[in-house]
Amino acid sequence: MSHSCQAIVFTCIDFRFHSAIRDFLVSNSLKDNYDLVSLAGVTKGLVEGDKACSEIILKQIDISHNLHGIKEVLLIHHLDCGAYGGHKAFDSLAAEGEKQAGDLAYAKELIQAKFPNLDVKKVIARIQEKGGENLIDFEELS
Ligand SMILES: [Zn+2]
């Protein structure tokens, strides 16, 4: 293999998160060490059984695995995701976080059924607006 990297990262398309996600990945020793896929809602389509979306996700993992020898899949969901209807679609932040955690867990199961040798990590990004700026923090779920 001529070149390899550690991970494939799945993020939402949401523009508010890109620089924070990049910083997060750099601080987790993944600088220039990951393949990147952006999809609205990240794994929402996979979890809901959307055939086209599932194929895209699994195909990108397969290519990344074969081409770059990745060891892990990083799924980065976020709160206030438009694909889920944003904050307003949920009664509380806790309920929103639970829905995202549940979808991440199921997505991990579906991905590992196909790629049992890959480590699948689940991350949730939270966004808060303060003084006209978006503050974003990340939590890796166990
Ligand atoms: Zn989103």
Side-chain angles (χ1 to χ4, degrees), residues 3-142:
H3 47 274
S4 62
C5 68
Q6 176 67 22
I8 185 167
V9 175
F10 287 88
T11 70
C12 187
I13 61 169
D14 195 323
F15 66 94
R16 297 173 296 171
F17 291 84
H18 295 319
S19 57
I21 286 173
R22 188 178 185 283
D23 291 347
F24 170 77
L25 294 169
V26 167
S27 70
N28 281 275
S29 309
L30 286 172
K31 183 175 192 278
D32 298 334
N33 204 6
Y34 59 91
D35 291 330
L36 179 65
V37 181
S38 292
L39 294 166
V42 198
T43 66
K44 184 174 185 279
L46 175 69
V47 167
E48 291 178 350
D50 179 300
K51 199 161 177 278
C53 192
S54 302
E55 278 174 9
I56 287 170
I57 289 176
L58 297 173
K59 180 77 176 171
Q60 297 311 304
I61 296 171
D62 194 44
I63 291 171
S64 182
H65 189 223
N66 291 331
L67 201 59
H68 297 151
I70 55 158
K71 306 279 188 286
E72 63 187 53
V73 178
L74 201 54
L75 306 174
I76 305 179
H77 273 223
H78 71 94
L79 299 192
D80 198 32
C81 183
Y84 282 86
H87 284 318
K88 64 182 186 307
F90 299 89
D91 292 337
S92 65
L93 275 180
E96 188 179 5
E98 267 173 44
K99 168 65 176 161
Q100 294 286 354
D103 279 8
L104 279 167
Y106 187 40
K108 175 176 177 171
E109 215 175 278
L110 292 171
I111 290 168
Q112 284 198 313
K114 195 107 199 264
F115 302 96
N117 297 330
L118 294 179
D119 194 17
V120 179
K121 292 181 174 169
K122 304 171 291 177
V123 174
I124 288 185
R126 294 187 175 79
I127 186 163
Q128 223 185 343
E129 207 192 304
K130 254 190 194 146
E133 271 196 69
N134 289 324
L135 302 178
I136 294 167
D137 70 275
F138 295 87
E139 181 188 354
E140 187 176 337
L141 306 179
S142 52

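Residues take their numbers from the sequence shown, with the count starting at 1. Heavy atoms only: backbone and side chains are in, while hydrogens, waters and symmetry mates are out. Indexing begins at 1, ligand by ligand and atom by atom, following the structure's order.
- Ion pair Asp50/Lys44 not flagged as a salt bridge, since none of the NZ, NE, NH1 or NH2 atoms sits closer than 4.0 Å to an Asp/Glu carboxylate oxygen.
- Around the Zn ion (ligand 1), the protein atoms of type N, O or S that sit closer than 2.8 Å are Cys12 SG, His78 NE2, Cys81 SG.
- Glu98 pairs by the side chain to side chain contact (heavy atoms under 4.5 Å, CB included) definition with nothing, not counting sequence neighbours.
- The CD1 atom of Ile57 lies 9.5 Å from the CD1 atom of Ile8; values are rounded to the nearest 0.5 Å.
- The list of ring-ring contact (aromatic ring centres under 6.0 Å, His included) pairs with a residue in residues 14-63, not counting sequence neighbours, reads Phe17-His78, Phe24-Phe138.
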In a table with atom names and distances, give each donor-acceptor pair under 3.5 Å that connects a side chain of residues 102-114 to protein atoms at least two apart or in another chain.
{"unit_1": "Asp103", "atom_1": "OD1", "unit_2": "Lys99", "atom_2": "NZ", "d": "3.2"}
{"unit_1": "Asp103", "atom_1": "OD2", "unit_2": "Tyr84", "atom_2": "OH", "d": "2.7"}
{"unit_1": "Asp103", "atom_1": "OD2", "unit_2": "Lys99", "atom_2": "NZ", "d": "3.4"}
{"unit_1": "Lys108", "atom_1": "NZ", "unit_2": "Val120", "atom_2": "O", "d": "3.4"}
{"unit_1": "Gln112", "atom_1": "NE2", "unit_2": "Leu118", "atom_2": "O", "d": "2.9"}

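- For the atom pair SG (Cys5) and NZ (Lys71), the distance works out to 9.5 Å, reported to the nearest 0.5 Å.
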